[in-house]
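Reading through the structure tokens given below for one structure.
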Amino acid sequence: MSIVVTGATGHLGRLIVDSLLRRGVPAGQVVALGRDTDRLADLAARGVTVRRADYSDPDSLRAALAGAEKLMFVSGSEVGQRVQQHRNVVAAAKEAGVGLVVYTSIAKADTSSLILATEHRATEQEIRSSGLPYVFLRNNWYVENYLPQLPTYLAHGVVGASGDGRIGVATRADYAEAAAAVLTTEGHANRVYELAGAPITMTELAEELSRQSGRQVGYTDLTVEKYAEVLAGAGVPQAYAEMLADGDRGIAQGDLDVESDELAKLIGRQPTTLAEAIRAAL
């Protein structure tokens, strides 16, 4: 059995490869893909097959997916280009006769109003239309979206536009472990998993940070437009600032409010809590 993992130079893809190896998959049966194979040299040293692949280069994808039995399709990071890029991956997977495509999607992809969900929804449809057996892992937000901001939160408080909207955060490592579980066990074909940890609000994040730091941290809720302005003023590129602010708009509407035990069932334990993640980061 060969398991091909795309995006192995990224945070999630690398964690999935590590999870597969920890679960006992022989290194020789794992293929790690990335645009810069030099960044995968340590995996190659452990016996993992390393191949170059670029979502925008169909020829590289066809060569990289040759002989693949299962494909761990980690979604691309280039928002705005992913529909065509992902179409290239699906076409290469179909040509290779892949037996299972496991795709990292977004929470409530079929109904979400988030701008980010548009490309995921299109990709899910592309995979379904291909006729390939699939699993959609609809990952909620990563708690790591917030952890790098803890020093800023401690200095200036938490700012956003999500109101009392709830977010089913979990760690990348938990999502990676779930992906590895799906890739190494049976009975998942043509399933859709809504993966999430215990839902939190940004007010609760501020409160937890206050408890653990001993400093008073509050949450200031802004309009979506004002939040985009604040982000842009802090140096975030305008288009990205607007996308982040749109994410908070969707959170306020409930787009990331997912109460599901599917992540816990796949990994065989409760996901890492917000409190545990903050404690480890401080």
Side-chain angles (χ1 to χ4, degrees), residues 4-17 31-36 39-40 51-65 68 70-96 98 100-132 134-142 144-145 172 175-176 178-179 182 192-195 228 231 236-251 255-256:
V4 176
V5 181
T6 72
T9 54
H11 294 297
L12 182 61
R14 170 56 67 102
L15 287 169
I16 292 171
V17 172
V31 181
L33 307 185
R35 284 184 290 191
D36 182 1
R39 294 170 59 190
L40 301 172
R51 296 176 184 167
R52 179 188 174 275
D54 185 330
Y55 289 169
S56 296
D57 181 353
D59 288 339
S60 75
L61 291 168
R62 281 192 288 271
L65 268 59
K70 294 183 179 180
L71 171 62
M72 181 63 243
F73 179 7
V74 178
S75 58
S77 59
E78 296 175 274
V79 177
Q81 302 181 47
R82 293 189 294 184
V83 172
Q84 183 57 55
Q85 289 179 336
H86 290 180
R87 187 175 293 132
N88 292 340
V89 176
V90 175
K94 186 171 183 178
E95 184 174 322
V98 171
L100 184 70
V101 177
V102 181
Y103 174 66
T104 59
S105 191
I106 194 172
K108 302 181 181 179
D110 51 343
T111 61
S112 175
S113 69
L114 293 179
I115 291 172
L116 272 176
T118 304
E119 291 169 321
H120 289 292
R121 189 158 46 243
T123 302
E124 287 191 4
Q125 183 55 51
E126 188 75 22
I127 293 171
R128 281 194 174 102
S129 297
S130 74
L132 292 168
Y134 64 84
V135 181
F136 297 150
L137 302 178
R138 290 181 174 170
N139 293 347
N140 211 288
W141 253 215
Y142 303 140
E144 288 89 351
N145 291 351
R172 283 194 185 97
Y175 291 125
V182 166
V192 177
Y193 291 106
E194 291 284 351
L195 302 183
L231 291 169
V236 178
Q238 185 64 40
Y240 189 49
E242 291 175 0
M243 185 185 71
L244 291 175
D246 179 76
D248 270 31
R249 176 202 57 75
I251 290 169
D255 285 335
L256 296 182

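Between Tyr103 and Tyr134, the ring centre distance reaches or exceeds 6.0 Å. Within the 6.0 Å centre-distance limit, the rings of His86 and Phe73 are counted as a close aromatic pair.
Heavy atoms from other residues, nucleotides or ligands lying under 6.0 Å from CZ of Arg128 number more than 12.
Scanning all heavy atoms of the two residues, the minimum distance from Val83 to Ala122 falls at CG2-CB, 4.1 Å. Looking at every heavy atom in both residues, Val90 comes nearest to Leu132 through O-CD1, 4.2 Å. In plain terms, the two heavy atoms of Asp255 and Ser113 that are nearest each other are OD2-OG, 2.6 Å. When all heavy atoms of Ala228 and Ala241 are compared, the closest pair comes out as O-CB, 3.7 Å. Closest non-hydrogen pair, Ala8 versus Val17, comes out as CB-CG2, 4.3 Å. Contact detail for Ser56 and Pro58: the closest heavy-atom pair is O-CD, 3.4 Å.
Between Val79 and Glu119 there is a side-chain heavy-atom pair separated by less than 4.5 Å. Using a 4.5 Å heavy-atom cutoff, the side chains of Asn139 and Arg172 are not in contact. Thr6 is listed as a side-chain neighbour of Tyr55, based on a closest heavy-atom distance under 4.5 Å.
To the nearest 0.5 Å, atoms NE2 (His120) and OG (Ser75) are separated by 4.5 Å. The structure places CE of Met72 at 7.0 Å from CG of Leu12, a figure rounded to the nearest 0.5 Å. Between Thr104 atom OG1 and Arg138 atom CZ the span is 12.5 Å, to the nearest 0.5 Å. Note that CG of Asp54 is 11.0 Å distant from CG of Leu33, once rounded to the nearest 0.5 Å. Summarising the geometry, atom CG belonging to Asn140 is positioned 8.5 Å from atom NZ belonging to Lys108; distances are rounded to the nearest 0.5 Å. Note: Lys94 NZ to Leu65 CG = 14.5 Å, rounded to the nearest 0.5 Å.
Although no hydrogens or angles enter the test, the distance criterion places a donor-acceptor pair under 3.5 Å between the side chain of Arg121 and the main chain of Ala109. Judged purely by atom type and a 3.5 angstrom limit, Thr118 uses its side chain to pair as donor or acceptor with the backbone of Ile115.
Only one option out of Leu100, Val102, Val98 pairs with Leu71 in a side chain to side chain contact (heavy atoms under 4.5 Å, CB included); it is Val98.
With hydrogens and angles left out, the side-chain atoms of Arg82 and Gln85 include no donor and acceptor closer than 3.5 Å.
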Exercise for the section: Decide yes or no on side chain to side chain contact (heavy atoms under 4.5 Å, CB included) for Leu195 and Tyr175, but give the supporting numbers first. Expected result: CA-CA 8 Å; Leu195 302 183; Tyr175 291 125; 3.9 Å; yes

Practice task
Please step through side chain to side chain contact (heavy atoms under 4.5 Å, CB included) for the pair Leu114 and Asp246, ending with a clear verdict.
Solution key: CA-CA 7 Å; Leu114 293 179; Asp246 179 76; 4.1 Å; yes

